[in-house]
Undergrad: 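Let me begin by handing over the structure; questions about it come next.
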Amino acid sequence: MFFDHFYYWITVILFVIGLYTVMSRSNLIKKMIGLSLFQISVFLFYITMGKIEGGTAPIIIDQPDVVYSNPLPHVLILTAIVVGVATTALGLALVVRIKEAFDTIDEEEILQMEETK
Amino acid sequence: MSSLFTQAPILAIILPLLSAPICALFRGATFPWALTTIVSALSFSFSLDLLFHVAEYGAISYEIGGWAPPWGIEYIADPLSAFVMMVISGISTGVLLYARESILKEVPASRLGFFFAAYLLALAGMMGITITGDAFNIFVFLEITSLSSYVLISMGAGTDRRALTAAFQYLIVGTIGATFILIGVGLLYVMTGTLNIADIASQFDTIADTRPIRAAVGFLMVGFAIKLAMFPFHIWLPNAYTYAPNIVTAFFAGTATKVSVYLMIRFIYSMFGADFSFGELPLTTILMPLAVVAFLSMSVVAIFQDNLKRLLAFSSVAQLGYMILGIALASETGLTASILHIFNHAIVKTGLFLTVGAMFYVTGSTYLKDLAGIGQRMPITTFGFVLGGLALIGVPLTPGFISKWYLVQGVLERGDAIGYGLAIAMLISSLFAVIYIWRIVELAYFKPSPEGAPTGEAPLTLIIPCWIFIFGSFYFGIETSMSVGFAETAAKFLMGAVK
């Protein structure tokens, strides 16, 4: 049962690890790592769904009974990867600015400073 | 005009999208602002065109690049999407008229090119989400909007460094929400092999009773709930609204969460269908209690805030509760109330945040302790705030009253004890709104100003846009045939679409 759908299991495991890291870590960089992992699990999910059993690369050749894999999910996920990179870059840029302003990247310390201000 | 009009659906989105990089190239304050205002006004005029065209001749489908749907991406202007587009671009244009003086106080002039580039991207994204008929395209536009809104919120760091943490928090929560939506769209694609919303909807009955579809609905609903700050996913909103620059808060309060409400309506009614959403899935029993808790608890929380922007932010979460309640009622009246409240709340809340921005312009603070006696110091602005506050409470002759009237009709249509309970809960929540608005009135008129507090009115360039929104809200509170007409048409269209 596990090996029948191992790709879905990988997706789910990465998904949960990512989400857990985002919620449990107070270091902002580690949060960003968790967030990337979380997004990547979804990329894998999209990539696996394009595969058709026995399918080959979707390049048209003149043979009638060739099965092609579906290229569309890959194209879609390219867009999502770009979005993911942009999110990570923006998040890390914000962490740099936070480090400059608060002199720490630990969420709990920042929360304390915000409350005392 | 007629040939230009056939391209209106794409022009309303592509103009802001392409103007954004031009804005980013320019330094100085005037040019980027002027370009942004002109582009936003053009978008608004295209949206109005679309709205009146759709009202007369019915929905328009526009094929991007000449690829026929469902293979190509299709833009659809129907009564609902044209109405929401009109609200978004209208609010954006009104806020921009006000922006020039206000933003110079908060963001250095050398950064304004980037600021307005991000503003235009956010506008393009929101318009795109509304008009597109393609589920994956929605995700792309959603992320364009979200990424630029994180930037816009963090621009408030010049005034208060907490803007940075607010933006970071929103980035984490917003990305999780958007990724949930991506998973939902993926599952729909796996089951149907198409991304076109109308195409998915046409196949939906045959696949509705499968586990992937139920999972997809769950992921999508949670994703939208996070994006629209539905209780209990609202945690990012108060910080983001409080520390963002004033015009950003005013812009987002009228548009960003409304777009997510639109998405929720669009997916529940156009794609899943009301029968499936409220019959086979228990969406009413999930959404309704959350909506009631939202408008009761958040109104109470708003009473105890010490920052005016934060107070209004919590009141926004409460008002979103009314919109969710309207959706959850699954009736034509409830849906009309929701769509109407998107419009009415946008105009009222943007007006309120603009008056708060004018107070900030003079006093340099939005903390209540610094605003004591503001009624004597800034009589025109404060009077505007009080009138806006009345509209928020839902006093007759204001738009808040009109949408609550429809919502009360919607809940009473149920004709059972729950309906009466909901009506009473709405009444109690309105009383809480009276308390938090009264707190401001008391502070503004009956408390002495602090020693040496800045006095004097904000410049006319700030006051006139404020009063446009305040007058506008009263106009639409008295002359309701237009707004109610469009909302009713949209609700009828959606209920008709689900057979």
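Computation of the quantities below employed the complete heavy-atom set of this structure, encompassing side-chain atoms and omitting hydrogens, waters and symmetry-equivalent molecules. Residue numbers begin at 1 in each chain, while the letters A, B, ... track the order of the sequences.
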Undergrad: Please classify the contact between B/Tyr170 and chain A as side chain, backbone, both or neither, with a heavy-atom cut-off of under 4.5 Å.
TA: neither
Undergrad: Given heavy-atom pairs under 4.5 angstrom as the criterion, report whether the side chain, backbone, both or neither of A/Leu76 touches chain B.
TA: both
Undergrad: Measuring from atom CD1 of B/Ile172 to atom CD of A/Glu107, what distance do you get when rounded to the nearest 0.5 angstrom?
TA: 8.5 Å
Undergrad: Is B/Phe136 close to chain A through its backbone or its side chain, or both, or neither, when contacts mean heavy atoms under 4.5 Å?
TA: side chain
Undergrad: Below 4.5 Å, heavy-atom pairs only: which of A/Gly50, A/Ala80, A/Ala101, A/Pro73 has the largest tally toward chain B?
TA: A/Ala101
Undergrad: Can you establish whether the number of heavy atoms outside B/Ile64 located under 6.0 Å from its atom CD1 is more than 12?
TA: yes
Undergrad: For atom NZ of B/Lys105, is the number of surrounding heavy atoms from other residues, nucleotides or ligands below 6.0 Å larger than 12?
TA: yes
Undergrad: Check each atom of A/Leu111 against the heavy atoms of chain B and say whether the ones under 4.5 Å are side chain, backbone, both or neither.
TA: neither
Undergrad: Using non-hydrogen atoms only, which part of A/Thr87 is less than 4.5 Å away from chain B: side chain, backbone, both, or neither?
TA: both
Undergrad: Around A/Phe15, counting heavy atoms of other residues, nucleotides and ligands shown, do more than 12 lie under 6.0 Å from its CZ?
TA: yes
Undergrad: Report the option among A/Leu19, A/Val82, A/Leu28 that has the most heavy-atom pairs separated by less than 4.5 Å from atoms of chain B.
TA: A/Leu28
Undergrad: Count the heavy atoms of every other residue, nucleotide or ligand shown that sit under 6.0 Å from CZ of B/Arg214, and state whether that count exceeds 12.
TA: yes
Undergrad: In Å, rounded to the nearest 0.5 Å, how long is the span from CZ of A/Arg97 to CZ of B/Arg161?
TA: 12.5 Å
Undergrad: How far does OG1 of B/Thr175 sit from CE of A/Met32, to the nearest 0.5 angstrom?
TA: 7.0 Å
Undergrad: For A/Tyr68, does the OH atom sit with more than 12 other heavy atoms under 6.0 Å from it, leaving out its own atoms?
TA: yes
Undergrad: Residues of residues 176-196 of chain B under 4.5 Å from chain A (heavy atom pairs)?
TA: B/Ile176, B/Thr179, B/Phe180, B/Leu182, B/Ile183, B/Val185, B/Gly186, B/Leu187, B/Tyr189, B/Val190, B/Leu195
Undergrad: So do the side chains of A/Ile98 and B/Thr165 get within less than 4.5 Å of each other, counting heavy atoms only?
TA: yes
Undergrad: With a 4.5 angstrom heavy-atom cut-off, could you sort out which part of A/Phe102 is near chain B: side chain, backbone, both or neither?
TA: both
